[in-house]
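Each remark here refers to the structure printed beneath this line.
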Amino acid sequence: MLKRRSTLLALAALLVGAAPASAQVVYDNGGPAGMNNGNEMTAWRQAEDFALASQATIGGVRFWGLALNESAYQGSIFWEILTNDGTQPGAVVASGLATPGLTMTGTTPLGPRYQLDFGIAPLTLSNGVYWLALHNGPLDFGMRSEFYWETTAGNGTSAGRELAIGSSGGWSSNAAEHAFVLFAAEQSVVPEPATLVLTATGLLGLGVAMARRRRQET
């Protein structure tokens, strides 16, 4: 009986401790290219386009930033996914204020380089061209703080666009490509809490039934 109980407990522990699968890359615009350059993203919203060859569900964003002083980063990132309007961002598809995980990955002549990672509610997009727009801090904060979205090597997509906070004008070219990666929504193998309760209850019930049957047989 003790052996059966240990087995049941081990199965329950396995269900609870199962790790989520690693996220897959949906789109990679390139990482920092060592050019030690970027575009200020507190006084401006900075945007980069990306193309999807087929339908995809986005669940995470990674980008790289440069901070010229200790107070440059505002502690959050306002993000948007927008449609494409010719050569500039169009209508907003989804947006939010995220608190990224912040990892210092090196230093540059401009200041420390940070990798910023954050998740978003799973967003399914059909094939086509879209834009990722980022802003350092809440969108109603537009004072320049010298936090930069780092550039990457030139590629086949359009150069980025920028829009000054509070501006009533349109997007203008920032003449650069920027480092970012989009990830698929993670497919976790961890059951939902309700499923865990039902599973645990089922395992305990199985244990009781086995014990009862054993007593009847003896």
Close side-chain approach of Thr105 and Tyr114, heavy atoms under 4.5 Å: no
Residue set satisfying side-chain contact (heavy atoms from CB on, under 4.5 Å) with Asn127, at least two apart, ordered chain then number -> none
Search all heavy atoms of Thr152 against all heavy atoms of Gly31 and return the closest pair with its distance. OG1-O, 2.6 Å
How far does OG1 of Thr103 sit from CG of Leu116, to the nearest 0.5 angstrom? 8.0 Å
Pair Leu132-Val61, side-chain contact (heavy atoms from CB on, under 4.5 Å): steps then yes or no: CA-CA 9 Å; Leu132 169 68; Val61 178; 4.0 Å; yes
Test side-chain contact (heavy atoms from CB on, under 4.5 Å) applied to Ser172 and Arg161, step by step: CA-CA 5 Å; Ser172 59; Arg161 297 291 186 269; over 6 Å; no
Any chain of hydrophobic side-chain contacts (each under 4.5 Å) joining Phe78 to Phe118? no
Should Ile120 and Leu102 be counted in the same cluster of Ile, Leu, Val, Met, Phe, Trp and Tyr side chains packed under 4.5 Å apart? yes
What distance separates Leu123 CG from Ile81 CD1, expressed to the nearest 0.5 Å? 6.5 Å
Evaluate the criterion side chain to side chain donor-acceptor pair (under 3.5 Å) for residue pair Asn39 and Trp44; output intermediate values, then yes/no. CA-CA 9 Å; Asn39 287 93; Trp44 290 269; over 6 Å; no
Under 3.5 Å donor-acceptor, Ser145 side chain and Ala72 backbone: yes
Ignoring hydrogens and angles, tell me if any N or O in the side chain of Arg45 forms a donor-acceptor pair with the backbone of Trp79 under 3.5 Å. no
State whether the side chain of Glu40 and the backbone N or O of Glu146 hold a donor-acceptor pair below 3.5 Å, judged by distance alone. yes
Once the angle between the rings of Tyr73 and Phe147 is folded into 0 to 90°, is it parallel (under 30°), tilted (30 to 60°) or perpendicular (over 60°)? tilted
Identify every side-chain donor-acceptor pair in residues 92-100 under 3.5 Å, counting partners at least two apart or on other chains, and give the distances.
none

Any chance you could pull the hydrophobic cluster mates of Val25, using side-chain heavy atoms under 4.5 angstrom and chaining through other members? Trp64, Val181, Phe183
Quick check on the hydrophobic clustering: are Trp171 and Val129 connected, directly or via other members, by side-chain heavy-atom contacts under 4.5 Å? no
Yes or no on side-chain contact (heavy atoms from CB on, under 4.5 Å) for Leu125 and Tyr130, after CA distance, side-chain angles and deciding distance? CA-CA 9 Å; Leu125 300 173; Tyr130 299 87; 3.9 Å; yes
With side chains defined as the heavy atoms from C-beta onward, is the minimum distance between Gln46 and His135 less than 4.5 Å? no
Applying ring-ring contact (aromatic ring centres under 6.0 Å, His included) to Tyr148 and not counting sequence neighbours gives none
If I take atom CD1 from residue Ile77 and atom CH2 from residue Trp149, how far apart are they, to the nearest 0.5 angstrom? 10.0 Å
How many angstroms lie between atom CG of Leu68 and atom CG of Leu110, to the nearest 0.5 angstrom? 5.5 Å
Other than Phe141, what residues sit in its cluster of Ile, Leu, Val, Met, Phe, Trp and Tyr side chains whose heavy atoms are under 4.5 Å apart, directly or through others? Met143
Under a plain distance cut-off of 3.5 Å, with no hydrogens placed, do Glu177 and Thr151 share a side-chain donor-acceptor pair? no
Please walk me through it: do Arg113 and Glu150 pass salt bridge (charged side-chain N to carboxylate O under 4.0 Å, His left out)? CA-CA 8 Å; Arg113 171 185 290 123; Glu150 190 168 5; 2.7 Å; yes
So, the side chain of Asn136 versus the backbone of Gln74: is there a donor-acceptor pair under 3.5 Å, distance only? yes
For residues 48-60, please give each side-chain donor-acceptor pair under 3.5 Å, one per line with the distance, not counting sequence neighbours.
| from | atom 1 | to | atom 2 | distance (Å) |
| --- | --- | --- | --- | --- |
| Glu48 | OE2 | His178 | N | 3.0 |
| Glu48 | OE2 | His178 | ND1 | 2.7 |
| Asp49 | OD2 | Ser158 | N | 3.3 |
| Thr57 | OG1 | Thr124 | OG1 | 2.8 |

Check whether Asp85 reaches the backbone of Gln88 with its side chain - one donor and one acceptor, N or O, closer than 3.5 Å. no
Mind checking whether Phe180 and Leu66 sit in one hydrophobic cluster, side chains of I, L, V, M, F, W, Y counted as touching below 4.5 Å? no
